[in-house]
Number of protein chains: 2
Amino acid sequence: MLQVVGGADPAADLLDRVFFALSDPVRRAILDRLGEEALLVSELAAPFDISLQAVSRHIQVLVRAGLVRQERTGRISRCSLVVGPIQAAAVWINHYSKYWQAQFDTLAAALEEIEERRSGAARLTTLRKRPRRRLPDP
Amino acid sequence: MLQVVGGADPAADLLDRVFFALSDPVRRAILDRLGEEALLVSELAAPFDISLQAVSRHIQVLVRAGLVRQERTGRISRCSLVVGPIQAAAVWINHYSKYWQAQFDTLAAALEEIEERRSGAARLTTLRKRPRRRLPDP
DNA sequence: TCAATAATCAACGTATATGTTGATTATCAA
DNA sequence: TTGATAATCAACATATACGTTGATTATTGA
């Protein structure tokens, strides 16, 4: 799991490509608009201050990440969103987001407990609260 | 919103950096382990087949994305997770994931409706095998 | 004091990202 | 047919990513 496996894990590679695709504001804006409706490359390119060619290549990045599908009919190329990969990324990020938040909540609770015990000990010397396990030292 | 604003939108820049940081399997593995416990750079580097220097720079990427905090005491540098930015990314990705899924559900429902109407009409007439319907033409 | 340790810095090579402009391909339409 | 249009391809420049090795800094502990 920690080993860097290179091309041996297609799921990891997909996450690589999806997160990389999402790391650019132009590409996020493209996805944004494709969430509304399918659009042509030239329509997608219109709002940007960069060349059509540059936008075309941004779209290729999205296609390689599986986030966008292109269907060419004649000389036009209609781009539409594919929801699967973004949900794979959502699954990943939600898992860690929730897990980590839970870890931090636990830590916060433990610290609060310690704090409580300290102030409690100051007030009553004998009626001590349940001793709490400390967090492992660094 | 569609304009490429460069450095004018710190929130967009943060998303850029967070998603970029997540686009590498080594960095995701580092985050994975930091979710368990705070670790030193050398401890983080141990499982990998790359140099300590390379891992150190991966950590810098995570720090620049705000995902990791480093606290140096003496010659050691303890790395710990910061949950905020990953949740910002989770918010972004969940928003779009859910929104897009809803869009697709609506589309799917509409197509099913059309399909149902067609097959119902077909059954009453000839019991023909339902011909597949194309997506609406532009 | 002095050697070992933890981490970073610096320089280098290679690969990829991202923009540009110009050429090319394929299709549409007058 | 022929010119305009949609999109991609190709070549180029520049910047960044990411790995290496070697040097440097700061700290620890015998």
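Predicted model, so just to flag it, every value in this text is computed and none were measured. Below, read A as the first sequence line, B as the second, and so on, with proteins coming before strands; counting in each chain starts at 1.
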Counting side-chain heavy atoms from C-beta on, which of dA17(C), dG19(C), dC18(D) comes nearest to R57(A)? dG19(C)

Protein-nucleotide distance ([X], atom [atom1]; [N], atom [atom2]), rounded to Å:
X      : N       : atom1 : atom2 : answer
I50(B) : dT21(D) : CD1   : P     : 12 Å
F19(A) : dA17(D) : CZ    : P     : 18 Å
D16(B) : dT18(C) : CG    : P     : 10 Å
R72(B) : dT28(D) : CZ    : C1'   : 13 Å
E43(A) : dT5(D)  : CD    : P     : 15 Å
L40(B) : dA7(C)  : CG    : P     : 5 Å
R64(A) : dT8(D)  : CZ    : P     : 12 Å
L62(B) : dA17(D) : CG    : P     : 13 Å

[N] OP1/OP2 closer than 4.0 Å to side-chain N/O of [X]:
X      : N       : answer
H58(B) : dA17(D) : no
S56(B) : dA7(C)  : no
R78(A) : dA6(D)  : no
R75(A) : dA29(C) : no
Q70(B) : dT8(C)  : yes
Q53(B) : dT20(D) : no
S42(B) : dT5(C)  : no

Closest-nucleotide mapping onto DNA chain D: is I59(A) or V55(B) further toward the 5' terminus? I mean the 5' end. I59(A)

Parallel, tilted or perpendicular: which describes the rings of W92(B) and F19(B), with under 30° parallel and over 60° perpendicular? perpendicular

Between the side chain of R78(A) and the main-chain N/O of E71(A), is any donor-acceptor distance below 3.5 Å? no

Expected output: side-chain S23(B) to main-chain F20(B) donor-acceptor under 3.5 Å: yes

Nearest heavy-atom neighbours spanning G66(B) and V82(B): O-CB, 3.3 Å

In the structure I gave you, are the side-chain heavy atoms of Q87(A) and I93(B) within less than 4.5 Å of one another anywhere? no

Hey, does S51(A) reach any base, or is it just sugar-phosphate, or nothing, if we go heavy atoms under 4.0 Å? base

